[in-house]
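Worth saying up front: this structure is predicted, and the values here are computed from it rather than measured. Scope of the values below: all heavy atoms of this structure, side chains included, with no hydrogens, waters or symmetry mates.
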Amino acid sequence: RKLPGYFRISKINENYYFDLQFMIGVREFSIGKDQEIMFKLSNGEIVKLPNIAYTMSCIGCGTNSSVGSVAHGMKVSYLIDKNNFEKLKNNPVVKVRVYTLYSIDEYVEDEIKDKYSNNVSTALKFIEKQ
């Protein structure tokens, strides 16, 4: 399955977060506390970030426009520790996998196009300077 969505990097006090807004279809789904998002980096390394709180999907929550307004989606936040911050900052992301809960554990993943692969590292470098 593809993973259409948007991300942002946020900083609250001294903690950094990878915030993801996405949609994956017409069924309800959830992401459990500490369930992981995984990033495959250009150097082959895998970075795992834990979800900070149990999150349930809702209709229209994964989109920023009317497109997708009838699909189930969510906004979810993952904690970025210092070690993973450095890895993500210094290496382009080539693939992402998000673990979800339906009736059984599942995941959705997507390849990151070359023109977008540096977006996460660029965002981390920008927010680090703030």
Colleague: Apart from Met56 itself, what residues make up its hydrophobic cluster, given side-chain heavy atom links below 4.5 Å?
Modeller: Tyr54

Colleague: If Ile, Leu, Val, Met, Phe, Trp and Tyr residues are connected whenever their side-chain heavy atoms lie under 4.5 Å apart, and connections chain through other members, are Val96 and Ile52 in the same group?
Modeller: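 Hydrophobic grouping puts Val96 apart from Ile52.
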
Colleague: What is the minimum heavy-atom distance between Lys11 and Ile127, and which atoms define it?
Modeller: N-CD1, 3.6 Å

Colleague: Just jot down the side-chain hydrogen bond (donor to acceptor under 3.5 Å, both in side chains) partners of Asn84, sequence neighbours excluded, or say none.
Modeller: Asp81

Colleague: Using every non-hydrogen atom in the two residues, find where Glu28 and Ser57 come nearest and quote the distance to one decimal.
Modeller: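 Nearest heavy atoms, Glu28 then Ser57: CA-OG, 3.5 Å.
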
Colleague: Do any pairs count as a ring-ring contact (aromatic ring centres under 6.0 Å, His included) and have a residue in residues 109-130, sequence neighbours left out, and if so which ones?
Modeller: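 Applying ring-ring contact (aromatic ring centres under 6.0 Å, His included) to every pair that reaches into residues 109-130, excluding sequence neighbours, yields nothing.
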
Colleague: How would you list, by chain and number, every residue that makes a side-chain contact (heavy atoms from CB on, under 4.5 Å) with Asp114, sequence neighbours excluded?
Modeller: none

Colleague: May I ask you to test the Tyr78-Ile31 pair for a side-chain heavy-atom distance under 4.5 Å?
Modeller: yes

Colleague: Of all residues at least two apart in sequence or in a different chain, which pass the ring pair (Phe, Tyr, Trp, His ring centres under 6.0 Å) check with Phe22?
Modeller: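 For Phe22, the residues satisfying ring pair (Phe, Tyr, Trp, His ring centres under 6.0 Å) (neighbours in sequence not counted) are Phe29.
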
Colleague: So which pairs with a foot in residues 89-98 pass salt bridge (charged side-chain N to carboxylate O under 4.0 Å, His left out), sequence neighbours left out?
Modeller: Glu86-Lys89, Lys89-Glu128, Lys95-Glu109, Lys95-Glu111, Arg97-Glu109

Colleague: Suppose we screen for side-chain contact (heavy atoms from CB on, under 4.5 Å). Which residues come up paired with Asp34, at least two apart in sequence or across chains?
Modeller: Pro50

Colleague: Between Ile9 and Leu124, what is the shortest heavy-atom contact and its length?
Modeller: CG2-CD2, 3.7 Å

Colleague: Is there any salt bridge (charged side-chain N to carboxylate O under 4.0 Å, His left out) pair reaching into residues 41-59, and which pairs are they, with sequence neighbours excluded?
Modeller: Glu45-Lys87

Colleague: Suppose we screen for ring pair (Phe, Tyr, Trp, His ring centres under 6.0 Å). Which residues come up paired with Phe7, at least two apart in sequence or across chains?
Modeller: Phe18

Colleague: Flag yes if Val120 and Leu79 sit in one hydrophobic cluster, no otherwise; membership is Ile, Leu, Val, Met, Phe, Trp, Tyr, and two members link when side-chain heavy atoms are under 4.5 Å apart.
Modeller: no

Colleague: According to side-chain contact (heavy atoms from CB on, under 4.5 Å), who are the partners of Asp19, at least two apart in sequence or on a separate chain?
Modeller: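 Asp19 satisfies side-chain contact (heavy atoms from CB on, under 4.5 Å) with Arg8, Ser10, Tyr17, Ser77 once adjacent residues are dropped.
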
Colleague: Any donor-acceptor pair under 3.5 Å linking the side chain of Asn51 with the backbone of Gly32?
Modeller: yes

Colleague: With sequence neighbours excluded, what pairs up with Asn13 under the side-chain hydrogen bond (donor to acceptor under 3.5 Å, both in side chains) test?
Modeller: none

Colleague: Applying side-chain contact (heavy atoms from CB on, under 4.5 Å), can you list everything that pairs with Lys75, at least two apart in sequence or on another chain?
Modeller: Gln21

Colleague: Is any side-chain heavy atom of Leu88 closer than 4.5 Å to one of Leu49?
Modeller: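 Leu49 reaches Leu88 side chain to side chain.
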
Colleague: Hey, could you give me the CD1/CG distance between Ile112 and Asn118, rounded to the nearest 0.5 Å?
Modeller: 11.5 Å

Colleague: Taking the side chain from Thr55 and the backbone from Ala53, do they hold a donor-acceptor pair closer than 3.5 Å?
Modeller: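 Yes; judged by distance alone, with no hydrogens or angles, the pair exists.
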
Colleague: Can you confirm whether Val94 sits close enough to Leu41 that some side-chain heavy atom of one is under 4.5 Å from a side-chain heavy atom of the other?
Modeller: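 The answer is no, as the side chains (C-beta and beyond) never meet within the 4.5 Å cut-off.
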
